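Okay, so here's the structure we're looking at.
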Amino acid sequence: MLSDPPILSLDRLTKTFTLRPIFGRATQVEALRAVSLDLLPGRALALVGESGSGKSTVGRMIVGHHAPTSGRILFEGRDIAELTRRGDQMRYRQAVQMVFQDPFSALNPAHTIRHHLQRALSLHQPEADPETALREILDDVDLDPVSTPSKFPHELSGGQRQRVNFARALAVRARLIVADEPTSMLDVSIRKSILALMQRLKTEHGLSILYITHDIATAEYLAEDTAVMFRGQVVEKGPTAQVVGAPQHGYTRLLRAAVPDPSIRLTGSDAGFAQDARQVRAASAAAVRGMTEVSTGHFIADHAAGDHATAETERADA
Amino acid sequence: MRFLLKRLSFYAVAFLVAATFNFMIPRLLPGNPADIMLANSGGMIAPEARDALMATFGFIDAPLHEQYFAYLGSIFTWDFGLSIKFYPMPVADVLTQALPWTLFLTGAALLIAFSTGTLLGILAAWRRGQLTDVIASPTALALQSVPAVVVALCGLYFLSVRNRVFPTSYAYDPKLDPAFSWEFAASVAYHGFLPVVTLSVVLVGGYLITMRNNMIGQLGEDYLAMAEAKGLSDARVRYAYAARNALLPSVTALALSFGALFGGSLITEVVFNYPGVGNLLYLGIVGRDFPLIQGQLLIMTLAMLLANLAVDLAYVFLDPRLKRA
Amino acid sequence: MPDLLRTFLRNRKAAIGLAIVLAYVVVALVAPLIAPFDPIARVGRPHQAPSAEHWLGTTRMGRDVFSQLIWGTRTSLMVGIVAGLIVTAIGTAIGITAAYFGGLVDNVLNFFTNVVLVLPQLPLLLVLAAFLGQVGPWAIALIIGLTSWAWGARVTRAQAMSLKTRDFIQASAMIGEPTWRMILVEMLPNLLSIIGFNFIGSVIFTIITEATLEFLGLGSPLALSWGTMLYNAQTASAIMVGAWWEVLAPCAAIVLIGVGLSLMNFGVDEIANPRMRTLGNVAKALRIEKRLLRQRMQEANQ
Amino acid sequence: EETVLSALPEQVTAWVENFNPFNQTTTAPSVLHFMYEPLIIFNALDGGKPVYRLATGHDYSEDLSSITVTLREGVEWSDGEAFDADDVVTSFELALGNPALDSVGMAQMLSGVEKIDAQTVRFNLSTPSSQAMYQIVRVPIVPDHIWSKIDDPVTFTNPDPVGSGPLTEIRRFTPQEYIQCRNDNYWDAESLHVDCMRFPQIANNDQALAAASNGELDWMGSFLPDIENTYVAKDPEHHSYWLPGGSLVAFYMNFEAPEEGDRAAFNNVDFRRAVSMAFDREAMVEIAGYGYPTINQYPSGLGRAFHSWNNPEVDEKFGAFTQYDLDGARALLAEAGFKDIDGDGFVETPEGAQIDLEVIVPNGWTDWVNSCQIAVEGLNAVGIRANVSTPESAVWTEKLINGDYDMAINSVRVGATPFNQYLDSLHESNQAKSRFAASRYYNAELSGLLDAFTQTSDTEKQMAIMSDVQEIVGADMPLVTVFNNPRWYQYNTKRFTGFFNADNPVANPVVHKTNPARLLHLLALRPVE
Amino acid sequence: MSDLLTVEGLRVDYLTAGAPFTAVRDISFQIQPNEILGLAGESGCGKSTVAYALMRLHKPPALVRRGQILFEGRDVLSFTDTQLRAWRWSEVSMVFQSAMNSLNPVMTIFRQFHDMLRAHGPITRADAMDRTAEMLEMVGIPADRMQAHPHQLSGGMRQRVALALALTLLPKLIIMDEPTTALDVVVQREILQEVLRLREKLGFSVLFITHDIALMAQISDRIGIMRAGEIVEIGTASQIVTAPVHDYTRSLWDAMPILANAAEKGPAHAV
Ligand SMILES: Nc1ncnc2c1ncn2[C@@H]1O[C@H](COP(=O)(O)OP(=O)(O)OP(=O)(O)O)[C@@H](O)[C@H]1O
Ligand SMILES: Nc1ncnc2c1ncn2[C@@H]1O[C@H](COP(=O)(O)OP(=O)(O)OP(=O)(O)O)[C@@H](O)[C@H]1O
Ligand SMILES: [Mg+2]
Ligand SMILES: [Mg+2]
C-alpha cells in the first residue's frame with residue numbers, strides 16, 4: 001500500500017505572510033510552519049482543521065499560487081522550484097489542478113460550458129476530436145452531454161457547476177486534484193453525490209486528491225489518509241481510520257467531539273467542552289518539535305513546552 | 001500613519017509632476033504676450049521698447065532648466081512674477097484677491113450640492129420606486145448631463161436679463177466696501193446667489209445618484225435588518241446606519257468630483273463676471289498672460305491636491321476599519 | 001449578446017435613452033437630407049424669430065438655426081463618440097493592464113492615473129486648446145480623449161482587480177491559458193458593462209466639454225457644432241437682444257442627448273448591478289403591502 | 001451737490017491701481033487727458049486743427065527739423081506747484097531714457113528736447129517732418145518735482161497722482177469701481193462742470209448693455225448689439241449714440257504669398273479688382289457689423305471722414321471696382337485669363353497654377369470673422385477658391401508680420417489726415433515691419449509722394465500730393481478696403497447735456513483712452529439743470 | 001392558547017419581473033414557551049424568508065400575502081409602527097446568518113448596544129455600559145472589548161456579541177438564522193453550548209434555522225423540515241431522527257455522511 005512513491009511531497013513547507021496595514025506596523029502571519037505531507041497516487045489525503053489553520057494555503061502553494069517561504073514541494077521527486085524549463089513547468093501545471101470552494105466563482109460567467117471545457121481540451125488534448133472528448137468528459141462527471149455544453153454557468157445548479165470544474169480537471173488530464181472544500185457551499189442533499197464523484201475519479205481514473213475540508217465526516221467517507229492542521233502545523237496525520245476513528249492528539253479529539261452527532265443531545269450544563277477547547281488550543285499552538293509514530297503510518301505532534309509566540313494577536317477566541 | 005505618509009508622498013510627487021506640466025504648457029503656447037498686450041492697446045511700438053517691456057515682465061532668455069528651477073523656487077516663495085494683464089500687480093496678489101471668491105463660490109456650492117444631493121439620494125434609495133425616487137432620480141440624471149454653461153446661461157437669461165431679479169455681475173455691490181457688516185454680507189449673498197445655485201445644480205445630480213446607488217448597495221446588508229430588528233426608529237436606521245455607511249464611497253466620489261467643481265466654477269465665473277480665479281484663468285488664457293496662467297494652474301492643482309487630501313483624511317476618520325486600534 | 005440586449009431593453013429607462021440616442025444618430029446620418037437650408041448660407045434676415053419657414057428662427061448672420069442644429073448634431077455626436085472611444089480604449093487598456101499584471105506595472109500605472117486624476121482638468125483643457133490655436137472639433141475630441149481617461153482607468157482597474165481574484169481567472173491560468181487570452185477572452189467580456197458605462201459617460205463628458213470649450217471661444221468659430229452655435233449666439237448677445245431661440249436650441253439639444261445617454265447608463269448600471277434591477281417590483285410590493293396592512297388593521301379594529 | 005458722471009471707457013475684469021501715464025496697458029483709463037492734460041489736442045473732425053491746452057502755440061522751423069512750443073502761463077499742478085518747461089523736458093527725457101516708457105516711439109523721432117526758457121521748449125527732430133507734432137503730443141506731461149525723484153519710473157504705479165488735468169483726485173478705488181474727482185487747482189476750471197467721474201468695472205458687452213440700458217452709464221463706448229432696440233428704445237428721450245467712422249478695415253493680399261498660384265494672382269491687378277467686386281460690402285456692414293461700420297467704397301480707400309481730401313477723378317475711373325458685382329468680377333477674371341482649367345469649379349491662374357486662398361482672421365473677433373465669411377461667399381461665387389481660418393490673434397499678427405498668409409482682414413489706424421493710413425499700410429519702408437504694412441507692396445512712386453507730404457506744411461501742396469496718392473492707390477488697388485470701423489460711442493442725456501453727436505460734431509466723441517479729444521468732450525458737458 | 005408564537009397559513013411572495021415567486025406557502029407552526037424549534041431544509045427553501053417575515057423585517061419585493069402571526073395572541077401583522085418597534089427585540093430578537101455582516105462595521109460594539117437600549121427606554125450612558133459589560137461577560141467576552149469595532153474581533157467573538165445583543169432585553173423568543181454556518185465545528189459547538197446554558201438560565205424560546213440536521217437534532221426540542229416553501233414534516237427531535245416519515249426527510253439523512261462510530265451508536269442509518 002505504501003509501496004508507490006508519492007506523487008507529491010511537501011517537505012517542511014513554511015509560509016509567512018507580511019501584513020501591511022494602513023495604520024500600524026507590519027505584522028507577520030505564520031500561515032504554515034514546517035508542514036510535511038505525502039500524497040500518494042490514486043489516493044485521497046484529507047486535510048482537516050479549524051478555520052484559518054492554513055489548509056487553503058497548502059493547496060494554493062501546491063498549485064503555485066504562492067511561493068514557499070522555505071521548504072520544498074517535490075513533484076515526482078523533483079523540487080518544483082527547480083523546474084526551469086518551460087516544458088517541465090507546463091507539465092507540472094497540467095498535472096495539478098484545483099477545484100475551488102465557490103462553484104460559481106470558478107466559472108467565467110461570460111462563457112458557455114463548452115468554452116470552458118474546449119479550451120482545456122484544445123490546450124492539453126489537441127489530438128482528440130473535440131466533440132467526442134467533450135462528450136466523454138461530461139459523461140464521466142454525470143452531466144448531460146447534449147444539453148450542458150451550450151449552457152452558461154448561471155444556468156446550472158451549484159452541484160452541476162462543481163461537476164464542470166471536475167470535468168475541466170479531467171480535460172486537462174490532471175493527475176492530482178486539489179479540492180478546497182468543494183462541497184461546503186453546496187446543498188446538503190447533493191453533497192454526497194459530489195463526494196461519490198470524487199471517489200469514482202480516484203478509483204477509475206487513478207487521480208490523487210488533496211481534499212481540504214473541516215468536515216471530518218466527509219473526510220472519513222472519501223480519504224484514505226488524513227492530516228489534521230492547527231495554527232499552521234500538522235498536529236496529527238495517518239490513515240483516516242486511525243486518525244478519525246482513534247484520534248490521539250488533543251486537538252483532533254476536540255475536533256472529533258465537536259462534530260454534530262444526531263444521537264447525542266446537548267445540554268446547557270455541559271460547560272466542560274468550552275474549557276477543554278481553551279486548554280487544548282493553548283497547548284496545540286506551541287511549536288511542533290517532531291512527530292511520534294503511534295502506530296504504522298500514524299503520527300502525532302510533539303509540542304515544545306513553552307508557549308509558541310505567534311505574531312498574530314487577534315487569534316485567541318477568548 | 002504609514003497610510004498618511006504614503007498619501008502625502010503621493011501628493012508631493014503628483015504636485016511636482018503637475019507643476020512641471022504647468023511649466024511646459026505656457027512655454028509651448030504660440031504668440032508673444034508683449035505683442036498681444038501692445039496690440040490690444042493699439043500702439044505701434046519700437047522693438048527696443050518692446051524688448052524693454054518684455055524684460056520688465058520677466059521674460060528672460062535664460063536656458064530652459066534655469067527657468068524651470070526659478071519657477072520651482074517661485075512655488076515656495078509664492079512669487080509668480082508680475083501679471084501682464086494686471087501689470088504691475090504681482091500674480092500672487094491678483095490671485096490672492098480672486099481666491100476668496102472662488103473659495104466662497106465652490107465652498108458654498110459644494111456644501112449645498114453635497115448635502116442636498118446626499119440627502120435626496122438617501123431618501124430616494126430608502127423610498128426607492130416611490131415618489132421621491134421617481135421624481136428626484138431622473139431629475140438628477142438630467143441635471144447631471146447638463147453643462148454648466150447651459151445652466152448659467154439659462155439662469156442669466158431668465159433671472160437677470162428678462163426679470164431683473166439678480167445682478168448680472170460682480171461679487172458684491174461695487175458701491176460698497178468690503179467690511180464685516182450685514183449690508184456687505186447681504187450684498188455678497190445676493191450677488192453670489194445665481195453663481196452658487198448654478199454650480200450647485202450642476203453638481204447635485206452626481207452626488208444624488210452616487211448616494212442613491214451606494215445606499216441601495218447597503219440596503220440588503222444584514223446589519224440594517226439587525227438595526228431595524230433592534231427596534232430602532234426608521235430615521236435612525238436610515239441615517240445613523242445605512243447613510244453613515246453608504247457615505248464612505250460617496251466621500252471617494254467627492255474627491256473625484258473636484259475636477260467638475262473647478263471646471264464648473266470656471267464657467268460660472270466667466271458667465272456671471274464673478275471675480276474668482278476661474279475668470280482670471282480665462283482672461284489669462286485669452287490675454288496670454290503666461291505668469292498668470294502658470295500661477296493659476298499651480299494653485300488650482302494645489303487646491304485639487306489639498307481637497308483630495310482632505311477627502312483622504314475624512315475617509316480615514318469615517319472608516320474605523322482603516323485605523324486599527 | 002442578444003440576451004444582454006434584451007435585458008438592456010427591458011429596462012424602461014435604458015430603452016428610452018437608447019431611443020433618444022438613436023434618434024440623434026439618425027439625424028446625424030441623414031443631416032444633408034433633412035436640413036432645410038445650407039447651414040452656413042445666409043438664408044434669412046438676422047435674428048428672425050421661429051416661423052413656418054425657419055422652425056427655430058435664424059441667427060444673427062441670418063442662418064437657419066434648425067439646419068445648423070441638425071448639422072451640429074453630426075459634429076457634436078462624432079466628436080463625442082471619437083473621444084469616447086479614445087477615452088475608453090486608453091482607460092480600459094491601462095486599467096486592465098494595471099490590474100492584471102499588478103506589482104510594479106500597477107504601481108506605475110496607478111500612480112500615473114492618480115496624478116492625471118488630481119490635475120484640474122477643464123483649466124488644463126482650456127490651456128491646451130489655446131495652445132493648439134484654432135482647434136477644430138476633431139482636435140478637441142483628441143485633446144479630451146487624451147486627457148480624460150483617468151477616471152475610466154481607475155474604475156476599470158478596480159473592477160478588473162476584483163475580477164482577477166475570482167477563481168475562474170486562476171482556473172484558466174491553471175489550464176495554461178496564455179496571458180493575452182486571459183485578458184481578452186476571460187476578463188474583457190466580464191468588464192463589458194463597466195466599459196460601456198465608461199464609454200457612455202465619456203461621450204456625455206466630451207459633448208459637454210466640447211460645447212464648453214467652444215462657448216468660451218477656444219474652438220474654431222467656423223465649425224458647425226452646438227458649442228459653436230452657443231458661441232456665436234453669445235458673441236451676438238443673443239440673450240440680450242431677446243433671440244432666445246439661438247441660445248436655447250443648442251442648449252436643448254445638448255441636454256436631451258445628455259439625458260438620453262445618462263438613461264442608457266442607468267440601464268447599463270442596472271444590468272451590472274442586479275440590486276438596481278428590482279426597483280419596479282419594490283414599489284409594487286410596497287403598495288400591496290400598504291393595502292394589506294390597512295385591511296389587517298381595520299379587521300383588528302372591528 | 002456734486003455732479004458725478006458715470007463713464008465706461010473700456011471693458012476690464014478688475015481695475016488695477018496704476019496711475020502711471022506712460023504705461024500703455026493697464027493704467028487706469030482716466031489717467032491720460034483727464035489727469036495729465038496734453039500739450040495740444042489735434043481735432044481730426046475739424047481738419048486736424050490744434051486746440052491748445054498746456055501749450056499755447058507750436059512752430060516748425062523752416063527746415064522742419066525742430067519745433068518750438070510755447071507753454072501756457074499760470075498753470076498749476078494739482079499740488080499747487082507751478083507748471084513750466086522743466087516738467088515738459090523731464091517728461092520727454094523719461095520717455096527717451098526708458099525704452100519701456102517710450103510707447104510712442106520718441107527715441108526715433110527726437111534727437112533732443114531743450115528748455116529755451118521757463119515757458120518755451122524746443123523739440124529737435126531726427127529727420128525733418130511736418131507730422132512730428134501729432135506724435136509728440138501723445139507723450140504725457142508729468143510734474144518734474146515728483147518724477148525726477150522716482151527710481152524706477154517703469155514699474156512705478158504713481159499711487160498719489162499729481163496732475164495738471166481736470167480730474168486728479170482719486171476719491172475711491174476698488175477693483176470693481178473707482179471715482180476720480182475735480183482738481184482744485186485746474187487752470188481751466190471755469191470750463192469744467194463735472195465734479196467727478198465714476199468708472200464701474202464691466203467685463204463684457206452683455207454686461208455693458210445691461211448697465212447701459214438700465215441708464216447707469218452716461219458716457220460709454222461699447223459694442224451694443226441691435227442698439228436701437230436694446231439701448232435707445234429703453235429710454236428714447238435720453239439714450240442716444242453716434243458712430244463716426246474710425247480705423248480703416250481692408251482685406252490684405254500678400255504679394256509674396258507662399259503658394260505660387262496665389263502669389264501670381266495677387267500680383268495681377270485685375271484679380272485684385274475682381275476680388276474687390278466679389279465683396280458684398282453692404283452685407284459686411286449691415287450683417288456682420290450690425291450696420292455700425294461706415295461703408296468704404298472709395299477706390300483709394302480714403303474713407304468718408306476724409307471726403308474733403310477726395311479726388312473725384314479716381315472715383316470716376318475706378319469706382320466700378322468697389323461695387324458688389326459678381327458678373328463683373330467673373331468677366332474681369334475671364335478677361336485676364338483666369339479660367340477653370342481642371343473643372344473643379346474654381347479658376348486657375350493664366351499659367352494654370354492652382355489658386356487656393358486662406359483668409360485669416362483672429363479668433364474671437366466675431367464681426368470680422370463674419371465679414372470674412374461673407375467675403376469668402378463672394379469669392380467662391382465668382383470662382384475663386386477660398387476659405388476662412390481663425391488663428392489666435394497673436395498667431396494672426398505673427399503671420400501678417402512674417403508674410404506667412406494668403407489673404408487677411410486687417411485694420412489701419414486713421415490719423416488727423418489721410419496721410420497716416422497710407423503711411424502705415426503702403427509706404428515701402430514699413431513693408432513687412434508691422435502688421436499694418438503686411439501686403440508687401442513696394443511702390444517707390446507712392447512712397448516718394450508720402451515722403452514729400454511730410455516735407456511741407458502748406459495745405460494746398462498737401463492736398464495735391466494726396467490727390468496723386470489716391471490716383472496710384474485707386475489704380476493699383478493694393479488693399480481692398482471694405483469699411484471703416486465705427487468709433488464706439490453712446491451717451492445718456494438724463495443727467496448731462498452737451499454731448500457731441502452728428503448734429504454737434506465738435507470732435508471725436510469717444511471716451512476711450514486713445515482719444516485725446518475726450519478732454520474737450522468732458523469740458524463741453526453740463527449737468528442737467 | 002399557551003403558545004408563545006403561532007404561525008397560521010403564512011405565505012410570502014417575492015414580486016419579480018414575471019410571475020410572483022412564492023417563497024413560503026401556507027406555513028403553520030407553533031412555538032411553546034422555553035422550547036427550541038428547529039427549522040431545517042436545503043438552501044433556498046425559504047427558511048430565512050420565514051424568519052424575516054416573523055419579525056416583519058421582510059423588505060419589498062418580499063410581500064406577506066396571507067396568513068397570521070400571533071405572538072402571545074397578538075396579531076403581529078397588524079401592529080402599528082410604534083407597536084412594532086416596541087415589540088421587536090424586547091420580546092423577539094434575532095441572531096443573523098452571518099455575524100460578520102449583522103454588526104455595523106463602523107460602530108463600536110458598545111454603541112450598538114447603547115443604540116438598542118436607548119430605543120427601548122431611557123437609559124444613562126453609564127447604565128448602558130454596565131449592562132453591555134454584563135452581557136458580554138455572560139457570553140464570555142471580556143467587558144473591555146466593548147469599545148472595539150467588529151472587525152477587531154474574530155468570527156467566533158462576533159457571533160457571541162450578536163448573541164449577547166439578542167439576549168440583552170431578555171426576549172421571550174430568539175430567532176437564530178443559521179447562527180454558526182460561518183464557523184468551524186469547535187467554535188460552533190462552544191457557541192451552541194452557550195445558547196443552551198443561557199436558555200436554561202433565562203428561559204426563552206428559540207427558532208433555530210439551519211441546514212445541518214445533525215446539528216439540529218442535537219439541540220432542538222421539535223424539528224420542522226422545509227422544502228420549497230412548505231413544511232413537509234414537523235415532529236419531536238427524536239421522531240425526526242429515529243423515525244422520519246416523509247421521504248424528503250429521509251433523503252436528507254441519506255445525503256449526509258455520518259461518522260462511522262457515530263452511526264454505530266445512532267439508529268439514523270437504519271431506515
Ligand atoms: N494572501 C494572504 N495574505 C496574508 N495572510 C494570508 C493570506 N492568505 C492566507 N493568510 C492567512 O494565513 C492563515 C491561513 O489561511 P488559510 O486560508 O490557509 O486557512 P484555512 O485553513 O484554509 O481556513 P478556512 O477553513 O477558513 O478556509 C490565516 O490566518 C490567513 O489569515
Ligand atoms: N429579493 C428576492 N427576489 C426574488 N426571490 C428571492 C429574493 N430573496 C430570496 N428569494 C428567493 O426566495 C427563496 C427563499 O429564500 P431564503 O433566503 O428564505 O432561503 P433559505 O432557505 O434561507 O436559504 P439559505 O439556506 O441559502 O439561506 C429562494 O428560492 C430565493 O431564491
Ligand atoms: Mg480555506
Ligand atoms: Mg437563509
Side-chain angles (χ1 to χ4, degrees), chain B residues 3 118 122-134 211-212 214-252 311 313-325, chain E residues 15 48 51-52 54-61 81-108 111-121 145 147-152 158 161-162 165-166 168-169 171 174-175 177-178:
Chain B
F3 167 72
T118 304
I122 293 171
L123 291 179
W126 203 251
R127 308 186 203 288
R128 59 195 199 284
Q130 285 179 273
L131 206 63
T132 326
D133 190 27
V134 168
M211 191 61 190
R212 175 177 175 270
N214 293 343
M215 275 290 277
I216 290 179
Q218 295 289 322
L219 286 184
E221 296 293 331
D222 273 351
Y223 74 86
L224 283 186
M226 167 90 150
E228 206 183 335
K230 283 199 297 192
L232 302 188
S233 71
D234 193 56
R236 183 139 185 93
V237 177
R238 188 191 319 154
Y239 295 111
Y241 284 70
R244 168 74 168 69
N245 293 33
L247 208 55
L248 284 174
S250 256
V251 167
T252 327
V311 163
L313 291 178
Y315 201 94
V316 170
F317 177 75
L318 283 174
D319 192 347
R321 280 166 292 194
L322 288 181
K323 277 193 212 138
R324 229 174 130 112
Chain E
L15 297 193
S48 300
Y52 277 70
L54 287 187
M55 281 190 86
R56 265 180 69 186
L57 284 174
H58 60 282
K59 281 269 146 40
D81 280 355
T82 337
Q83 283 174 316
L84 191 62
R85 275 207 300 278
W87 172 73
R88 279 177 183 163
W89 220 255
S90 64
E91 307 204 41
V92 187
S93 63
M94 185 155 170
V95 177
F96 290 81
Q97 187 151 355
S98 138
M100 170 81 99
N101 299 329
S102 70
L103 296 176
N104 187 340
V106 304
M107 275 189 185
T108 61
R111 270 203 61 195
Q112 310 198 31
F113 273 90
H114 192 195
D115 251 3
M116 178 261 295
L117 287 167
R118 264 189 313 187
H120 292 277
R145 300 309 296 263
Q147 295 302 348
H149 286 278
H151 66 97
Q152 294 163 320
R158 275 188 290 235
V161 169
L165 260 171
T168 312
L169 297 179
I174 302 181
I175 298 169
D177 185 6
E178 311 202 22

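Heavy atoms only: backbone and side chains are in, while hydrogens, waters and symmetry mates are out. Everything numeric here is computed off the predicted structure, so don't read it as measured data. Just so we're on the same page: letters track the sequence lines, and every chain starts at 1.
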Give, as side chain, backbone, both or neither, the part of [X] having an atom under 4.5 angstrom from any heavy atom of chain B.
| X | value |
| --- | --- |
| Met116(E) | both |
| Gln112(E) | both |
| Leu84(E) | neither |

Legend entry - Lys59(E) side-chain N/O to Ala225(B) backbone N/O, donor-acceptor pair under 3.5 Å: no
Inset, instruction - Mind checking salt bridge (Lys or Arg N to Asp or Glu O under 4.0 Å) for Arg56(E) and listing every partner two or more places apart, or none if nothing turns up? - result: none
Legend entry - Non-neighbouring partners of Asp115(E) that pass salt bridge (Lys or Arg N to Asp or Glu O under 4.0 Å), sequence neighbours left out: Arg236(B), Arg118(E)
Once rounded to the nearest 0.5 Å, what's the spacing between atom [atom1] of [X] and atom [atom2] of [Y]?
| X | Y | atom1 | atom2 | answer |
| --- | --- | --- | --- | --- |
| Arg244(B) | Asn104(E) | CZ | CG | 7.5 Å |
| Glu228(B) | Trp89(E) | CD | CH2 | 11.5 Å |
| Met226(B) | Met55(E) | CE | CE | 10.0 Å |

What are the two closest heavy atoms between [X] and [Y], and how far apart are they?
| X | Y | value |
| --- | --- | --- |
| Phe96(E) | Ala229(B) | CZ-CB, 4.4 Å |
| Tyr52(E) | Asp222(B) | OH-OD1, 3.1 Å |
| Gly231(B) | Ala119(E) | O-CB, 3.8 Å |

